[in-house]
Each structure stands twice: as structure tokens, then as C-alpha cells.
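Predicted, not measured: the structure shown is a model, and the values here were computed from it. Remember, it's 1-based here, ligands and their atoms both numbered in the order they're listed.
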Amino acid sequence: MIRINPDMSDDQLLRLFDKGTLNQWTPDAIEWGDLDRITPELRHAIAQVLTPVYLGEQTAMYGVSAVLPDMLSHGHHEEALYLSSMGMDEARHFRNLHKLYHVFQEEPVTRHRIPEMFRYHARLLSHKDSTEWIWGILISDLFAKHFYGGLYQRYPDTIVGRLSRRTLKDEARHQAFSERYLEKVLPTMDSEHKAQLIGLRDDLFRTMDSIGTRLNDSMLMLDWEPEKFLHDLYLDTERWVQRLGIEPGN
Ligand SMILES: [Fe+2]
Ligand SMILES: [Fe+2]
């Protein structure tokens, strides 16, 4: 699994790793002080709708650590290198949201109120296969992209907007990694395995649909239709399915 001097020739992944290293940041990079720009009612609604994202950041930390040993044992050293920096990014996102809840003096939604949220993560965590993991992580990154993007659009000049904008830059690198990894691996996969990726996508979207229903009232408080959110996310995911050629039978 560990090699003294492994071959590392995927320049695209090495550049991405360097970019990730150069772009590390801490919560101090953001101005946290102007809370009153967001009303207490909106703070409460934001705290509710951020819950699946908050959980997703933790699942991403877990996912990275679950995939790393497999990457190393298959000689994918550039991927393992990149994933190490991605783990730091996801840990930072988790830490920032943790701080945001504290600053808002709000709590995430309880497990009891949105059981589907845990089903979504259990579905991801059930995978042992790296490609399914990376595909699941990509869908979760797209989910985060649409969420942070929507929050930035709505509250650009607030702590929520600033945090979202900065986080989006990290998520863009994660998508670039998933794209690179999947475009290398997918041509070696048979159609049955590819169909499993489509199955995973469909399962995750079914669960997200239920989560959207549970969060409907809070989403509407933010002028956000859950159906519209999911529709946009689905179209984005579909673009990736087409681009990567993950159609059943391909
Ligand atoms: Fe993240
Ligand atoms: Fe991510």
C-alpha cells in the first residue's frame, strides 16, 4: 500500500493538490460581526435548512478517509494526495458551520424530525467501492454547491453569504477532482457497474425529495421552493451523467 518512491505523473491532479494547499483558510478569513443583517426568523430558517449540509460535511470527512486506503492500495498516489487536502477542506466546512450555529444561537434539526437525512448518509456509507464513493461524494458536492450558491445569492453581504462564497471555491476543486478520477476509471467499468451509479443517484434523489418536504416551511421562509432546488440539482447531476458517459448500456 505504501511505496517509497511511487510514480506520480498525473499533473492535473498534482496541480489540483497544490491549488488546494495554497487555498487553505480559517474562519478568521471571514468577517463574522454583522449578525443583525439577518433577522432572528431568517436565522432560524437558515439553521434548519443548513442541517443536511452540516451533516454532509461530516459525511464527506468520513468518505475521504474511507476511500484513501483503497486509493493507496491500488497505486493511485496522486488521488490519495489530493484526497488528503480535501479532507482538510471538509473538516473546515464542518467547523465553520459548527461555529455558525453557535453564533446564530441556533440548533440543527434533530434526527427525529428528518430521519431521511440519516438514510441518505447511511446509503453513502454502505459503499465499499471507491468509484461509488467518489460518485456519491460528487452528488453531495453538487448538493452543497446549489445550497451554498442559493444562500450566497440571497444574502450576499452577510456572514452567510461570505461563508458560502468562500466554501464554494473549495467545492469547485472537489468537483474537478471527482471529474478527473471518474473520467479515468469509468472507461474501465462494465455497464452493470455504471448502472449501479445511476441507481445510487436515484436513491439519493428520492431521499433528498423527502428531506425537501420536511424542510418545506423553512425553505419557503427563504423564498426557496424545495422542488425548484431539487430540479436544478437534478439537471446539474444529469449534465455530469452525460459528460462522464454514465448512461446504462454505455
Ligand atoms: Fe464541503
Ligand atoms: Fe466537498
Item to complete: Look only at the side chain of Tyr101 and the backbone of Ala47, and say whether a donor-acceptor pair between them is shorter than 3.5 Å.
Response: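 Looks like yes, one N/O pair under 3.5 Å.
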Worksheet item: Should Pro226 and Thr213 count as side-chain neighbours, where that means a heavy-atom distance under 4.5 Å?
Response: no
Discussion item. Tell me which one of Asp141, Asp236, Thr237 satisfies side-chain hydrogen bond (donor to acceptor under 3.5 Å, both in side chains) with His146.
Written reply: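 For His146, the side-chain hydrogen bond (donor to acceptor under 3.5 Å, both in side chains) test succeeds with only one of Asp141, Asp236, Thr237, which is Asp236.
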Worksheet item: Regarding Tyr155 and Ser164, is there a side-chain donor-to-acceptor distance under 3.5 Å anywhere?
Response: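 Checked: Tyr155/Ser164 side chains show no N/O donor-acceptor pair below 3.5 Å.
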Discussion item. Does Arg111, at its CZ atom, have more than 12 non-hydrogen atoms belonging to other residues, nucleotides or ligands within less than 6.0 Å?
Written reply: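 Open.
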Worksheet item: List-wise, which protein N, O or S atoms are found short of 2.8 Å from the Fe ion (ligand 1)?
Response: Glu57 OE1, Glu90 OE1, His93 ND1, Glu171 OE2
Worksheet item: Relative to the ring of His174, is the ring of Tyr82 parallel (under 30°), tilted (30 to 60°) or perpendicular (over 60°)?
Response: perpendicular
